[in-house]
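Reminder, nothing fancy here: chain letters follow the sequence lines and each chain counts from 1. Atom set for the values below is all heavy atoms of this structure, side chains included, hydrogens, waters and symmetry mates excluded.
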Protein chains: 2
Amino acid sequence: MDQLLSPKQVAAAIGVSESSLKRWCDQGLLTTVKTAGGHRRIPVQEALRFVREQNHAVVEPRLLAMPGTDNRKARRIENCAERLVEGLLTNNEQACRAIVFDLFLAAQPVSQIFDEVIAVAFRTIGEKWECNEADIYQERCSCQIALRVLHELRSKQTPPNSGLVALGATVEGDQYSLPVTMSEIVLRAVGWETRLLGSSIPFDSMVAAIQQHKPEMFWLSVSFVPDESAFIAGFNRLFEAASKINTAVVVGGRALTTEIRTRLRYSAFCDTMRHLEEFAKTLRRQTEVVPKKTRKPRKNA
Amino acid sequence: MDQLLSPKQVAAAIGVSESSLKRWCDQGLLTTVKTAGGHRRIPVQEALRFVREQNHAVVEPRLLAMPGTDNRKARRIENCAERLVEGLLTNNEQACRAIVFDLFLAAQPVSQIFDEVIAVAFRTIGEKWECNEADIYQERCSCQIALRVLHELRSKQTPPNSGLVALGATVEGDQYSLPVTMSEIVLRAVGWETRLLGSSIPFDSMVAAIQQHKPEMFWLSVSFVPDESAFIAGFNRLFEAASKINTAVVVGGRALTTEIRTRLRYSAFCDTMRHLEEFAKTLRRQTEVVPKKTRKPRKNA
DNA sequence: AGTAAAATGGACGATTTGGATGATTTTATG
DNA sequence: CATAAAATCATCCAAATCGTCCATTTTACT
């Protein structure tokens, strides 16, 4: 029943180098089990004892606190969604952050993280809510957590300066800021400079923003449509204005039914973040400098 | 995700010699953790706390994972508000961050930063909007920027673990997340563990949250009241439920006119973040441990 | 001004840390 | 089972940090 950890994992958990940790093992500060091939394995409880006795710092508690989630499993995207649901509903922000950042560091495209983990997780929470297994406040609270994680993720991106500008917003009455924030991160990941106008923006004001900033792209996330006909009229007005100055208009969101879509004019419709990413790449006609996963970790400034 | 710094790094950041810094660590002015080999490691939050409490200058903010500063203009709170307005309206997120973080490092209480800078800035923007000098999207976009800055500020606080829990939210229909987020940061600054439920929460769900988490405090930020009588009824229902389990209810927000207030029952009403801070301090009944900044008294003859 | 306590910061050899390397073991995948 | 990719091994070494001592500067008080 003892979970075994590799030196690398323990080193990461307590924020020291692998070299140091191995030295400590060899000095007997940590008792290790050895594999047939001579690799060191450290039982979790032994690692915990070490931390307690040495009064050592723990930088990444999750590695020691959440058995069954060693790094390899963490990087597999399959069961991340359910782990995220668990983390969100128990208000374990640490764990949520860990899940997302592990994937990010494992060089998963952000679009994929969003489509296959975050979106899935919130769909699950939504279903739980409908079945009365979760309360509204839990869903909202989860949104807060996710938003903080997303903001942190965003701050870790290299700020693009391609000269291509995209503006984004949510229509009036639609206060779901998660999708529009994810879109922004996706666009930034493929080199767009973005400016997120925010949630619940009236169409007229969007038009004003477009005319003032003359962006190459405008993206609109539609999670909720209070008034269908007003939405369609407003949107087409927006498209009209955007066309005049060659601004591509991209829409997406779960509230856009096929019926609504047939009555809209747009440059692209995106079902998923991956679609958005592909379209954004295409639009900027440059083969993109994908955030490379280099082996050599570089010192951050 | 708290980063560990070496004495040398912290010394460089605040522009003192390594010797001094090590001495301070040994005197307990800075809480350090130690590696197994006996090297000192200082968590960033701890370094920030030290800088703020001692009112120490910071020469290299980057080493403390803080955004770059503009030391000449900074530190004076007077014209920060207008500089912030400028930064927000020109979408200069860097500048906005610098303004807020400079004040933070200069040991200004977060409540004061919020009351005298951020709140003032947004009041100014609101006025500009009314005078048609600014568009709605600019105000919303400013909110996005401010929200990101606030989230970053929050991540720089030492995570409190007092055991005292506060829940916070915004009423249904009120989507202004800035005030409620500022409140959270203020509460955390004075040692409360907080859980922000989010914006636009129905009263019934708030009651459910209170009953489930049994917090010592519930705070409600009211920037907008869609239906006055429904609000009053709902709120008093909330207060009732909270009273039963000894949860203090704190309200605040610009939408609370005196007429509305006279019909509400609450533990405290806060006009400003400073009020909230004072009330929160009082409620936790602990006299704050004032760090002595005087040198040791010399022997008296 | 004069004095002494207190604080600062530099220097020292001894110790610790962490990055790099090429060989070996483990794990993932067909 | 076989193969390739990833993780870990043992080792070495430069750089960082330790604790300590001491000269110098600052501060507090007479």
Participant: In this structure, how many angstroms lie between the P atom of C/dT26 and the CG atom of A/L5, rounded?
Facilitator: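 The answer, rounded to whole Å, is 17 Å.
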Participant: Any side-chain heavy-atom pair from A/V44 and A/L4 closer than 4.5 angstrom?
Facilitator: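 Result no, sub-4.5 Å side-chain heavy-atom pair not found.
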Participant: Establish, for the pair B/R274 and B/F114, whether the NZ or CZ atom is under 6.0 angstrom from the six-membered ring centre and no further than 45 degrees off its axis.
Facilitator: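 Output no; distance or angle outside limits.
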Participant: Salt bridge or not between A/R83 and A/E86? Use side-chain N to carboxylate O under 4.0 Å.
Facilitator: no
Participant: Does the pair A/E184/B/R148 count as a salt bridge with the N-to-O cut at 4.0 Å?
Facilitator: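 Yes, A/E184 and B/R148 are salt-bridged.
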Participant: Pairs under 3.5 angstrom, nitrogen or oxygen only, protein versus nucleotides 10-14 of chain C, please.
Facilitator:
residue : atom : partner : partner atom : Å
C/dG10  : N7   : B/S19   : OG           : 2.8
C/dG10  : O6   : B/S19   : OG           : 3.3

Participant: Provide, to the nearest angstrom, the distance between the CD atom belonging to A/Q9 and the P atom belonging to C/dT26.
Facilitator: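 Checked: the CD to P distance equals 15 Å.
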Participant: Where is the tightest heavy-atom contact between A/Y176 and A/R254, given as atom of each residue plus distance?
Facilitator: CZ-NH2, 3.7 Å
Participant: If I take atom CD in residue A/Q54 and atom P in nucleotide C/dT16, what distance separates them, rounded to the nearest angstrom?
Facilitator: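 About 12 Å, once rounded to whole Å.
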Participant: If you apply the rule side-chain contact (heavy atoms from CB on, under 4.5 Å), what do you find for B/V165 with B/W192, and how did you get there?
Facilitator: CA-CA 6 Å; B/V165 177; B/W192 285 77; 5.9 Å; no
Participant: Can you check the B/D26 CG to C/dT8 P distance for me, whole Å?
Facilitator: 13 Å
Participant: Let me know, please, whether A/Q27 or B/S20 comes out on the 5' side of the other along DNA chain C by nearest nucleotide.
Facilitator: B/S20
Participant: Using a cut-off of less than 4.0 Å, is there contact between a side-chain N or O of A/W24 and OP1 or OP2 of C/dT16?
Facilitator: no
Participant: Hey, which of A/E82, A/E133, A/E139 is the one that makes salt bridge (charged side-chain N to carboxylate O under 4.0 Å, His left out) with A/K128?
Facilitator: A/E133
Participant: Quickly work out the A/L21 CG to C/dT16 C1' distance and round it to whole Å.
Facilitator: 14 Å
Participant: Counting side-chain heavy atoms from CB outward, which of C/dG18, C/dT8, D/dC18 is closest to A/V16?
Facilitator: C/dG18
Participant: Where along residues 31-40 of chain A does a heavy atom fall under 4.0 Å from DNA chain C?
Facilitator: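 Under 4.0 Å from DNA chain C: A/T35, A/A36, A/G37, A/H39.
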Participant: Answer with yes or no whether A/R23 presents, from its side chain, a donor or acceptor under 3.5 Å of a partner atom in the base of C/dG18.
Facilitator: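 Between C/dG18 and A/R23, which were checked side chain against base, a qualifying N/O pair under 3.5 Å is present.
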Participant: Hey, does B/R195 have a side-chain heavy atom less than 4.5 Å from the side chain of A/C141?
Facilitator: yes
Participant: Find the distance A/I42:CD1 to D/dA7:P and express it as a whole number of Å.
Facilitator: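 That distance rounds to 16 Å.
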Participant: When the distance from CG of A/L4 to P of D/dA7 is rounded to whole Å, what number comes out?
Facilitator: 18 Å
Participant: Nearest-Å distance, NZ (B/K8) to P (C/dT16)?
Facilitator: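 In whole Å, C/dT16 P and B/K8 NZ are 19 Å from each other.
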Participant: Looking only at side-chain atoms of A/S6, point me to the closest of D/dT8, C/dT8, D/dT17.
Facilitator: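 Looking only at heavy atoms from C-beta outward on A/S6, the closest nucleotide is D/dT8.
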Participant: With no hydrogens and no angle check, do the side chains of B/Q45 and B/T158 hold a donor and an acceptor under 3.5 Å apart?
Facilitator: no
